[in-house]
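Okay, so here's the structure we're looking at.
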Amino acid sequence: MAGEQGKDGGRSFLPSDYVEQKTEAKFFVVVFFLFVVVMVGVLGAFMVTSRAWKDVKAEQVAINQVFETESAKLEQLKQLQNQRGEMIETARITAALLEPVPRSLLVAELVRRLPEGAMLAEVQLDSERLRPSPPPAEADKKKKTGSLTDKQGEPEKPKVEPPRFTHSLQIDGLAVDNTLVADYLLALQGSSLLSNVELVFIKQERAQGEELRKFQIDAMLNTAVDPETVEGVQPFEIASAVEEG
């Protein structure tokens, strides 16, 4: 077999087959080493990615738990707000059904303003419920609201309007003369508990052997006034005011 030429231009005494096998062996060693390096890198990357994915998954589970907890709190808050709204509506309806002015306070006010020489024969208080205004047309309602559902997509509950009442007062009495009737009319017109105070009639009538003036005064009860702010009549003065009348 012929030898190969060396680096110095001479010839090598090693067989060419041996040289080729040695070269191929070195090549396979380098390839195998690179393969091992690549596999180690891939395995390391896989392990790091797997660990990172586990951490992300654990964080996602923790976030989901927090979200569920906060969602439950928001649902409870929404229920409390709905209950609060229902309680407010119930309170409004209850307040509307109660007497705007206690009858004892009203009687004390009528007696306190009664002049000497006049007396009350009958006091009648009537209440009338006001009819609610008709609902707007369907087209107008859609223009204003845009939809019959709220922001969450739930159907809106119809709002219950509290009932409203007007209270009319009829006062029948007797007086010695017309001047006392006029004084009593002016006194009632100055009361904050009453409004639209008007004299219906005044006529002469004989009672208990005397010529007296029978009168009727109509008025409306002022529901906007706070009974506790009525000047001149305090709760502890009501009984004494009735006795003095």
Side-chain angles (χ1 to χ4, degrees), residues 85-136 158-245:
E86 292 176 358
M87 292 177 62
I88 292 176
E89 291 297 326
T90 303
R92 290 176 57 193
I93 295 175
T94 303
L97 295 176
L98 295 176
E99 291 184 347
V101 178
R103 298 192 179 219
S104 57
L105 181 62
L106 179 60
V107 172
E109 178 74 351
L110 297 179
V111 173
R112 187 177 69 89
R113 294 181 179 272
L114 190 67
E116 186 177 355
M119 60 181 296
L120 296 178
E122 183 180 3
V123 177
Q124 183 176 353
L125 180 63
D126 295 326
S127 300
E128 181 180 358
R129 181 173 180 176
L130 297 177
R131 294 183 177 180
S133 56
K159 187 176 181 181
V160 179
E161 294 293 336
R164 295 186 302 164
F165 296 88
T166 57
H167 306 274
S168 58
L169 188 66
Q170 178 180 326
I171 305 170
D172 296 328
L174 297 171
V176 176
D177 52 36
N178 295 340
T179 304
L180 295 178
V181 178
D183 293 342
Y184 190 43
L185 179 65
L186 291 176
L188 293 180
Q189 289 176 345
S191 174
S192 60
L193 293 179
L194 304 176
S195 62
N196 300 331
V197 182
E198 297 180 355
L199 178 64
V200 179
F201 68 83
I202 180 173
K203 62 182 179 180
Q204 186 173 352
E205 183 176 292
R206 189 173 184 82
Q208 299 178 356
E210 298 182 3
E211 295 292 336
L212 301 176
R213 299 294 186 273
K214 182 178 181 180
F215 63 89
Q216 177 182 328
I217 298 177
D218 288 348
M220 300 296 295
L221 203 60
N222 186 9
T223 57
V225 68
D226 185 0
E228 296 182 359
T229 62
V230 178
E231 184 179 357
V233 178
Q234 301 297 331
F236 60 85
E237 296 178 353
I238 294 177
S240 60
V242 175
E243 292 177 359
E244 291 177 1

Grab the two heavy atoms, one from Arg113 and one from Gly190, that are nearest each other, plus how far apart they are. NH2-O, 3.7 Å
Indicate the atoms forming the closest heavy-atom contact of Met220 with Asn196, along with that distance. CG-ND2, 3.8 Å
Any residue meeting side-chain hydrogen bond (donor to acceptor under 3.5 Å, both in side chains) with Asp126, in chain and number order, not counting sequence neighbours: Gln124
Between Ile217 and Leu199, is the side-chain contact (heavy atoms from CB on, under 4.5 Å) condition met? List the steps. CA-CA 5 Å; Ile217 298 177; Leu199 178 64; 3.9 Å; yes
Show the nearest heavy-atom pair for residues Ala118 and Leu180, with the distance to one decimal. N-CD1, 4.3 Å
I'd like to know if the side chain of Asp183 and the backbone of Leu186 have a donor-acceptor N/O pair within less than 3.5 Å. no
Look up atom CG in Leu125 and atom CG in Leu221, then write down how far apart they are to the nearest 0.5 Å. 6.0 Å
Hey, can you pull the donor-acceptor pairs under 3.5 Å for the side chains in residues 209-216, sequence neighbours left out?
| residue | atom | partner | partner atom | Å |
| --- | --- | --- | --- | --- |
| Glu211 | OE1 | Gln204 | NE2 | 2.6 |
| Glu211 | OE2 | Arg206 | NH1 | 2.9 |
| Arg213 | NE | Asn178 | OD1 | 3.2 |
| Gln216 | NE2 | Asp218 | OD1 | 3.2 |

Which heavy-atom pair separates Val181 from Ala175 by the least distance, and what is that distance? CG2-CB, 3.6 Å
Take a 6.0 Å sphere around CD of Glu122 and say whether it holds more than 12 heavy atoms from other residues, nucleotides or ligands. yes
Is the shortest heavy-atom distance from the side chain of Tyr184 to the side chain of Leu110 under 4.5 Å? yes
Please examine the side chains of Leu106 and Leu194, heavy atoms only from C-beta on, and report whether any two atoms are closer than 4.5 Å. yes
Residues forming a side-chain hydrogen bond (donor to acceptor under 3.5 Å, both in side chains) with Gln170, sequence neighbours excluded: Asp172
Please find the pair of heavy atoms, one from Glu198 and one from Leu185, that lie closest to each other, and give the distance. C-CD1, 4.1 Å
